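Worksheet: the structure to be examined is printed underneath.
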2 protein chains.
Amino acid sequence: MQDSKKILSDNNVSITNPRILVLEALLDNKSPITVDELLTKLENQVAKSTLYRVLSDLKKINILQEFTNLENQSVVELLLDTDSHHHHLFCSDCGEIIDVEMANEFEEKLSKEIKRIEKKFNFIIEDHRLELFGKCTDLCENCS
Amino acid sequence: MQDSKKILSDNNVSITNPRILVLEALLDNKSPITVDELLTKLENQVAKSTLYRVLSDLKKINILQEFTNLENQSVVELLLDTDSHHHHLFCSDCGEIIDVEMANEFEEKLSKEIKRIEKKFNFIIEDHRLELFGKCTDLCENCS
DNA sequence: GTTATAAATGAGACTTATTCTCATTTATTG
DNA sequence: CAATAAATGAGAATAAGTCTCATTTATAAC
């Protein structure tokens, strides 16, 4: 059973062609992608309304993360439980978004600090997101 | 000279009524506010197109931060250089966004980790943002 | 394999947030 | 105070995302 079908059945979501196509597009380039790019990639294969519905389905079963890039466009990224915890690095020159794993030592420090914040604000903190903004200096042509 | 006028002249931005009104609205509730709420607050005082233009002016002079809340609405917050560095805590029950200062010790650790990432990815990191997601347990009526 | 049923889809209308246009008003400088 | 450039208001235009509803498809029962 292929990845995309397995993902769907594992999550008790019915296996349909659009869902397979969207999942495969996401598995295909396994890094953050603009909803707009996804729409183009799946043009003539999945209707716009369906794409948005499938994305919302994937969010519901907690395997899709959504955030915004520096231009405030919606960006999605598949996040399977086999994937490791990571954060994002945004280049303001070329717009690239790069997955970054922080050192364990740092994540531990962050967890401790989060516990302190939970007590201080009487909050239950379920998730966190760290975004780093800057310029890549040699990764792409745009970034001289 | 009032705050808002001083802010504008300090940044070489001409002092106009709409700019004063927007700045005062932002200074007034000095915590993140939805663009939509701001629009309502300034109804009949500042045209919609002007509000967006003024917000973009304030972003250009680097005293306005923009991000999105859990409902993907645009949220803005005035960020003067007299303000201390802070992050945000989002409540998924009531939608509140709270400013949070992390411990110095933690921010130092983060700076070090950022230096490591800069080297590893050949990046110049200029800014970072940490978002904490959870539920407040007693801050508001919605959150039982 | 057929059939019944509920769920998912496609197409496009609709909504909402944001940007754009352009005629008018206002701030600034000399 | 006059001249000029910049800013504004009003509403049209655009774009992202949602909704509707008739049709298609997946699933479960037989």
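Please read all numbers here as calculations on a predicted model, not as lab measurements. Proteins come first, then strands; the chains are lettered A, B, ... in the order of their sequence lines, and each starts at number 1.
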Handout entry: Between C1' of dT18(C) and CG of Leu39(B), the distance in whole Å
Key = 10 Å
Handout entry: d(NZ, Lys59(B); C1', dT18(C)) in whole Å
Key = 10 Å
Handout entry: Pairing residues for Leu79(B) by the side-chain contact (heavy atoms from CB on, under 4.5 Å) criterion, not counting sequence neighbours
Key = Gln65(B), His86(B)
Handout entry: Interatomic distance where CG belongs to Leu55(B) and C1' belongs to dC20(C) [whole Å]
Key = 16 Å
Exercise for the section: Using a strict 4.0 Å threshold on nitrogen-to-oxygen distance, state whether Glu113(B) and Arg116(B) make a salt bridge. Expected result: yes
Handout entry: Between dA15(D) (P) and Gln73(A) (CD): distance, integer Å
Key = 12 Å
Handout entry: Counterpart residues, side-chain contact (heavy atoms from CB on, under 4.5 Å), relative to Glu108(B) (two or more places apart)
Key = Asn104(B)
Practice task
Take atom CD of Glu71(A) and atom P of dA15(D), then tell me their distance rounded to the nearest Å.
Solution key: 14 Å
Problem - Nearest-Å distance for atom pair NZ/P, residues Lys5(B) and dT26(C) - result: 15 Å
Exercise for the section: Please identify each residue that fulfils side chain to side chain donor-acceptor pair (under 3.5 Å) with Lys112(B), with sequence neighbours left out. Expected result: none
Handout entry: Connected via hydrophobic side-chain network under 4.5 Å: Ile124(A) and Leu89(B)
Key = no
Problem - Candidates dG17(D), dT27(D), dA17(C) - which lies nearest the side chain of Ser74(A) - result: dG17(D)
Handout entry: Taking every non-hydrogen atom, the tightest pair across Leu27(B) and Leu78(B)
Key = CD2-CD2, 3.6 Å
Exercise for the section: Between protein and nucleotides 6-11 of chain D, map the contacts as a letter string: B base, S sugar-phosphate only, - none, heavy atoms under 4.0 Å, written 5' to 3'. Expected result: -SBBBB
Problem - Any Val54(B) side-chain heavy atom under 4.5 Å of Val46(B) side chain - result: no
Handout entry: Gln73(A) atom CD, over 12 foreign heavy atoms within 6.0 Å
Key = yes
Practice task
Any chance you could pull the hydrophobic cluster mates of Phe67(A), using side-chain heavy atoms under 4.5 angstrom and chaining through other members?
Solution key: Leu70(A), Val75(A), Phe90(A), Ile97(A), Phe133(A)
Exercise for the section: Would you tell me if any nitrogen or oxygen in the side chain of Tyr52(A) comes within less than 4.0 Å of OP1 or OP2 on dT18(D)? Expected result: no
Practice task
Rounded to 10°, tell me the angle between the two end axes of the helix from dG1(C)-dC30(D) to dG30(C)-dC1(D), each built from five pairs.
Solution key: 40°
Practice task
Can you tell me the distance, in whole Å, between the CG atom of Leu38(B) and the P atom of dA17(C)?
Solution key: 14 Å
Practice task
Quickly work out the Asn12(B) CG to dT28(C) P distance and round it to whole Å.
Solution key: 11 Å
